[in-house]
Amino acid sequence: MTKATSHVPRKDLGLIARLSRARPTKPGETYGVPGHGNTLWLSVLSIGLFVFIWWLVTAMGWVKPLFVPSPMAIIQKFVDVWNAGYTGTPFLEHVGISTARVFGAFILACVIGIPLGLAMGMSPVMRGLFDPPIEFYRPIPPLAYLPLMIIWFGIGETSKVLLIFLSVFAPVVLGARSGVKSAAIEQIHAAYSFGASRWQVLRHVIMPSAMPEILTAMRIGIGFGWTTLVAAEMVAATKGLGYMVLSASQFLQTPVVIMGIFVIAFIAFAFDLLMRFIERRLVPWKGRM
């Protein structure tokens with residue numbers, strides 16, 4: 001034993017030995033990663049506080065039930081509509097029709113928009129051809145071109161699905177196009193130097209780099225789709241959640257309106273959670289590089 005360690009107790013020597021064999025610190029473990037952390041309890045607290053304030057306002061009679069019904073009134077109305085349906089149609093049929101419209105348009109927008117966005121990101125010709133029309137219609141509210149959908153495609157399902165499709169299409173295309181720029185030029189040059197073809201570079205270099213932005217664009221796009229649902233079901237619809245909300249508002253059935261809004265929000269949030277799960281599986285490196 002050296003002179004430097006002869007006066008150190010055996011317990012401290014064991015601690016020093018364990019520390020010297022400890023694993024290296026992971027990135028972000030010491031100082032934390034911005035935005036990371038468990039927020040479950042804060043979310044539960046936020047929702048509980050919102051419901052409590054809502055109950056307090058209605059219980060004290062500060063707002064008339066016509067404008068803001070109590071939480072129990074919403075729950076009771078949900079049970080009634082679940083059992084008896086609405087306007088002669090079962091509640092689950094309303095949910096199924098609206099879900100089919102939104103997700104049908106969403107899938108179509110992804111099938112067309114993701115390849116188009118990747119092509120626009122890789123080819124200046126494609127970008128020059130498709131960027132102006134997409135950027136032109138993107139900021140226009142769906143209600144503005146709703147009359148054109150009716151004139152061109154009638155009042156059937158085509159106009160409804162196409163209206164939702166257009167609201168989802170632009171975010172998905174722009175997200176895919178922006179994702180192409182996430183690929184490091186050094187990685188692309190390295191792949192080409194090893195003899196990779198253009199298709200292999202797209203598949204093995206550009207697609208993994210673009211995937212985080214594509215998934216984020218899909219989440220944003222589906223949100224626009226649910227937002228446009230109510231406008232789409234203004235067109236001679238007799239079934240659907242948007243129709244149910246609009247029809248109830250005309251007869252001042254506020255509990256049905258709020259209940260329909262909550263159902264739409266719940267379905268959209270459930271899909272967003274699914275997309276977050278898929279994102280963690282497909283791009284686990286997001287936010288860690």
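Between Phe106 and the choices Phe271, Phe224, Phe165, the ring-ring contact (aromatic ring centres under 6.0 Å, His included) rule is met once, by Phe271.
Two different hydrophobic clusters hold Val257 and Trp54 under the rule that ILVMFWY side chains link at heavy-atom gaps under 4.5 Å. Ile267 and Ile278 fall within a single hydrophobic cluster, where Ile, Leu, Val, Met, Phe, Trp and Tyr side chains are chained together by heavy-atom contacts under 4.5 Å. Residues Met207 and Met218 share a single hydrophobic cluster, defined by chaining ILVMFWY side chains whose heavy atoms lie under 4.5 Å apart. Under the 4.5 Å side-chain heavy-atom criterion for Ile, Leu, Val, Met, Phe, Trp and Tyr, Phe130 and Val125 are members of the same hydrophobic cluster. Phe251 and Val256 are assigned to two separate hydrophobic clusters, defined by single-linkage of ILVMFWY side chains at heavy-atom distances under 4.5 Å.
For the pair Val263/Met259, a side-chain contact is recorded, criterion being any heavy-atom separation below 4.5 Å from C-beta on. Side-chain contact between Val173 and Ile114: absent, with no pair of heavy atoms (C-beta onward) separated by less than 4.5 Å. Side-chain contact between Met244 and Leu241 is present, with heavy atoms from C-beta onward closer than 4.5 Å. Put simply, the side chain of Val57 does not reach to within 4.5 Å of the side chain of Val68, judged on heavy atoms. At least one side-chain heavy atom of Ile222 sits less than 4.5 Å from a side-chain heavy atom of Phe103. Counting heavy atoms from C-beta outward, Phe169 and Leu108 have side chains that stay 4.5 Å or more apart. Taking the side chain as every heavy atom from C-beta outward, Thr87 and Tyr243 approach each other to under 4.5 Å. With a 4.5 Å cut-off on side-chain heavy atoms, Tyr86 and Gln253 count as touching.
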Verdict with reasoning, Arg276 to Glu279, per salt bridge (charged side-chain N to carboxylate O under 4.0 Å, His left out): CA-CA 5 Å; Arg276 293 183 193 181; Glu279 187 177 68; over 6 Å; no
Residues Thr158, Met149; criterion side-chain contact (heavy atoms from CB on, under 4.5 Å); working and verdict: CA-CA 9 Å; Thr158 303; Met149 297 295 103; over 6 Å; no
Intermediate values then yes/no, side-chain contact (heavy atoms from CB on, under 4.5 Å), Phe91 and Asn83: CA-CA 8 Å; Phe91 173 71; Asn83 293 328; over 6 Å; no
Trace of the salt bridge (charged side-chain N to carboxylate O under 4.0 Å, His left out) decision for Arg101 with Glu233: CA-CA 10 Å; Arg101 286 168 179 162; Glu233 293 185 343; 2.7 Å; yes
Residues Arg138, Glu135; criterion side-chain contact (heavy atoms from CB on, under 4.5 Å); working and verdict: CA-CA 5 Å; Arg138 180 178 63 85; Glu135 289 291 354; 3.0 Å; yes
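Here the straight-line distance linking atom CD1 of Ile220 with atom CE of Met275 works out to 10.5 Å at 0.5 Å rounding. To the nearest 0.5 Å, atoms OG1 (Thr238) and CD1 (Ile97) are separated by 7.0 Å. From Ile107, atom CD1 reaches atom CD1 of Ile112 across 12.0 Å, with rounding to the nearest 0.5 Å. Atom CD of residue Gln200 and atom CZ of residue Phe194 lie 13.0 Å apart, to the nearest 0.5 angstrom.
Side chain of Asp272 to backbone of Ala268: no donor-acceptor contact under 3.5 angstrom is found. Proximity of a side-chain donor or acceptor of Trp62 to a complementary backbone N or O of Leu56 within less than 3.5 Å is not detected. Arg177 places no side-chain N or O within donor-acceptor distance of the main-chain N or O of Gly117, the cut-off being under 3.5 Å. Formation of a donor-acceptor pair under 3.5 Å by the Thr58 side chain with backbone atoms of Trp55 is found in this model. Checking side-chain atoms of Ser178 against main-chain N and O of Leu174 turns up no donor-acceptor pair under 3.5 Å. In this structure, the side chain of Thr254 does not engage the main chain of Phe67 through any donor-acceptor pair within 3.5 Å. Although no hydrogens or angles enter the test, the distance criterion places no donor-acceptor pair under 3.5 Å between the side chain of Thr89 and the main chain of Gly85. Side-chain atoms of Tyr192 do not come within 3.5 Å of backbone N or O of Val201 as any donor-acceptor pair. Judged by distance alone, with hydrogens and angles left aside, the side-chain atoms of Ser159 form a donor-acceptor pair with the main-chain N or O of Gly156 at under 3.5 Å. A donor-acceptor contact shorter than 3.5 Å links the side chain of Ser249 to the backbone of Leu246.
In terms of heavy-atom proximity, Pro69 sits nearest to Ile258 at CD-CD1, 3.4 Å. Annotation for Leu163 and Leu146: closest pair CD2-CD1, 3.6 Å, computed over non-hydrogen atoms. When every heavy atom of Ala217 is checked against every heavy atom of Pro171, the shortest pair comes out as CB-O, 3.4 Å. Scanning all heavy atoms of the two residues, the minimum distance from Val168 to Ala109 falls at CG1-CB, 3.7 Å. Contact detail for Gly242 and Ser98: the closest heavy-atom pair is N-OG, 4.1 Å. Of all heavy-atom pairs between Ser182 and Ser209, the closest is CB-O, 3.5 Å.
Ile155 CD1: 12 or fewer foreign heavy atoms inside a 6.0 Å radius. Within a 6.0 Å sphere centred on OH of Tyr137, heavy atoms belonging to other residues, nucleotides or ligands number more than 12.
Checked against a 6.0 Å centroid threshold, the rings of Phe262 and Phe78 do not count as neighbours.
Looking at residues two or more places apart in sequence or on another chain, you find no salt bridge (Lys or Arg N to Asp or Glu O under 4.0 Å) involving Arg198.
Using modelled atom types and a 3.5 Å distance limit, the side chains of Thr228 and Ser167 yield a donor-acceptor pair.
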